[in-house]
Amino acid sequence: MECRVCKNRDLREFLSLGKTPLANSFLPKEQLSQKEDSFPLAICLCQNCKLVQLTYVVPAEAMFRNYVYVSSTSNTFKKHFAKMAEDISKEFNLDESSLAVDIGSNDGILLKGFRKFNVQTIGVEPAANVAKIAEESGIETINSFFDEKAANEIVARKGNADIVTATNVFAHANDIDSFAENVKCLLKKDGIFVIEVQYFIDTIQKMTFDNIYHEHLSYFTLTSLIYFFKRHGMEIFNAQRVDSHGGSLRAFVKKNEGRHKTSKNVDKILKHENEIGINNLEIYTEFARRVYAAREKLRSYVENIKKQGMSIAGYGAPAKSTTLLNFCRIGSDFLDYIVDDSPLKIGLYTPGTHIPVVGPDFIGKKRPDYILILAWNFAKEILAKTKKYSSHGVKFIIPLPEPRMA
Ligand code: JHZ
Ligand code: ZN
């Protein structure tokens, strides 16, 4: 195996979460008795460019062609992407003559924001069911993976782009070399590529290890991203830490010939990464130790509740809960059900642990003593909408970095 960024073969595995099923492979009832596929879930460090990556890659076709994740299920996210589109439109003076392309555009959540500024838009989305939702809400979408053909089709239909965005999708791509080259072909000379990826520094510091699952092939830092784009004649001219998914990095990338000035943020973040020791294997092995300890803490926390004869439900059935529940071995013996507001998940069962996913009304029908907030990144929004239950004594638990009452 070689590093996705620098092709080096000196990769050090430092954390294994065992074998888990695919994070979004929720099952219908009739499949529960069938054998479920599971795949090794482990990450390694490239000693050269410092990219952290999965040791085992599941083919994209198995994960993204039919997708249960619809971005607009959360209001927090709707606001996040509306603000992102607004900030970019204002900063780079986009107007009706500009084109924004979103890769992995899901239900069109970000492009809707650009439309408010009259910017022309087109999305690329491989999941047919989700691309259809976007089209139906008036967001032009190509139902495809982002490949050379899709890039050429966009140029033919719309011309070259001022902005290409890729939020929560760059880490999902195996061949990021072609990804970057296709973005370069798509962009105007002075165009900008904006990516948002989960930030591995936040993963380490906030213990959000449940974000490790098969869809996420790469776990970036600014250091590894800069290394990568340099190889493609591109440069990161600005970077910002944003709070989505427990901490992400937004990077602004230009072609080398582009005119945008380099922000001081870039050096500031790089310096910070250096200071916390990303060049040193120790912080990675130490992280692994803390992950195993977090598993024990969470398990004894829920075991304790069960020992007292109390019941527990979950709130949110995000992809990351597949990692958390399988790795911590918290199954239907602990959680009676999990509530999710997404119609695409309701009625299905969680991968590996087979806990039923139900709609929000179910809490009223079968009130638990405790609710474990599995979509902890939206704890605020979830607590606000479940106030009536907490005022009736239901207690809410945030699982990470260590279990605590919300
Ligand atoms: P959420 C997704 O991961 C998928 P997930 C993807 N693979 C990715 O890379 C990451 O994002 C970055 C539910 N919910 O966004 C909706 C409610 O039911 O944390 C979702 O099922 N009610 C592309 O799946 C889940 O929680 C609510 O009020 O880990 C949240 O999933 C709210 C706020 C959420 O991402
Ligand atoms: Zn490397």
Side-chain angles (χ1 to χ4, degrees), residues 1-12 22-26 44-53 60 63-64 67-81 103-107 109 125-127 130 166-173 176 196-199 203 208 210-221 223-228 231 242 244-248 314-325 338-346 348 350-351 357-360 362-363 371 373-386:
M1 184 186 164
E2 63 178 26
C3 171
R4 182 169 296 106
V5 162
C6 75
K7 316 304 168 197
N8 168 36
R9 290 181 170 275
D10 184 13
L11 307 177
R12 280 287 178 91
L22 300 179
N24 274 314
S25 289
F26 290 82
C44 58
L45 170 74
C46 169
Q47 308 264 45
N48 179 39
C49 73
K50 314 301 170 199
L51 178 73
V52 170
Q53 58 205 301
M63 297 191 282
F64 303 118
Y67 209 44
V68 288
Y69 182 74
V70 179
S71 306
S72 299
T73 309
S74 123
N75 281 326
T76 313
F77 248 10
K78 281 195 207 161
K79 280 188 209 145
H80 171 82
F81 285 117
I103 301 170
S105 49
N106 200 277
D107 57 1
I109 189 168
E125 169 54 52
V130 183
T167 66
N168 301 308
V169 68
F170 198 62
H172 301 56
I176 49 177
E196 212 167 273
V197 288
Q198 274 165 30
Y199 189 32
T203 304
T208 57
D210 51 349
N211 275 319
I212 301 167
Y213 48 87
H214 298 100
E215 290 182 20
H216 296 158
L217 307 184
S218 308
Y219 299 81
F220 291 107
T221 52
T223 304
S224 53
L225 280 173
I226 287 178
Y227 196 108
F228 172 74
R231 296 184 66 235
V242 291
S244 41
H245 293 293
S248 299
Y315 205 113
K320 57 184 160 289
S321 66
T322 298
T323 295
L324 190 76
L325 298 175
I338 298 177
V339 176
D340 198 283
D341 291 289
S342 167
L344 296 186
K345 292 182 185 171
I346 295 171
L348 300 177
T350 55
V357 182
V358 298
F362 203 84
I363 309 179
I371 291 182
I373 304 184
L374 295 161
W376 46 258
N377 44 326
F378 297 119
K380 215 169 140 201
E381 186 174 342
I382 289 169
L383 288 168
K385 65 164 70 162
T386 53

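Counting starts at 1 for both ligands and their atoms, in listed order.
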[X] and [Y]: side-chain donor and acceptor closer than 3.5 Å?
X    : Y    : result
K7   : N48  : no
S218 : Q53  : no
S72  : D107 : yes
N24  : E215 : yes

*For E196, all residues meeting salt bridge (charged side-chain N to carboxylate O under 4.0 Å, His left out), sequence neighbours excluded*: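 Testing E196 for salt bridge (charged side-chain N to carboxylate O under 4.0 Å, His left out), a comparison that skips the adjacent residues, returns R250.
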*asked:* Let's test this: below 2.8 Å, count the protein N/O/S atoms around the Zn ion (ligand 2).
replied: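 For the Zn ion (ligand 2), the figure is 4.
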Assert yes or no for the condition that the ring centre distance of [X] to [Y] is strictly below 6.0 Å.
X    : Y    : result
Y213 : H172 : no
Y69  : F26  : no
Y219 : Y199 : no

Can you give me a line-by-line list of nitrogen or oxygen pairs between ligand 1 and the protein shorter than 3.5 Å?
unit_1	atom_1	unit_2	atom_2	d
ligand 1	3 (O)	Y213	OH	3.0
ligand 1	7 (N)	Y67	OH	2.9
ligand 1	7 (N)	H172	NE2	3.4
ligand 1	7 (N)	Y213	OH	3.4
ligand 1	7 (N)	E215	OE1	2.5
ligand 1	9 (O)	H172	NE2	2.7
ligand 1	9 (O)	H216	NE2	2.6
ligand 1	11 (O)	H245	NE2	3.4
ligand 1	15 (O)	Y69	OH	2.6
ligand 1	18 (O)	D340	OD1	3.4
ligand 1	18 (O)	D341	N	2.6
ligand 1	18 (O)	D341	OD2	3.1
ligand 1	19 (O)	K320	NZ	2.5
ligand 1	19 (O)	N377	OD1	3.4
ligand 1	19 (O)	N377	ND2	2.9
ligand 1	21 (O)	D340	OD1	3.4
ligand 1	21 (O)	D340	OD2	2.6
ligand 1	21 (O)	K345	NZ	2.7
ligand 1	22 (N)	D341	OD2	2.5
ligand 1	24 (O)	A319	N	2.7
ligand 1	28 (O)	K385	NZ	2.6
ligand 1	29 (O)	A319	N	3.3
ligand 1	29 (O)	K320	N	3.3
ligand 1	29 (O)	K320	NZ	3.0

*In chain order, what residues pass the side-chain hydrogen bond (donor to acceptor under 3.5 Å, both in side chains) check against K385, with sequence neighbours excluded?*
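D341.
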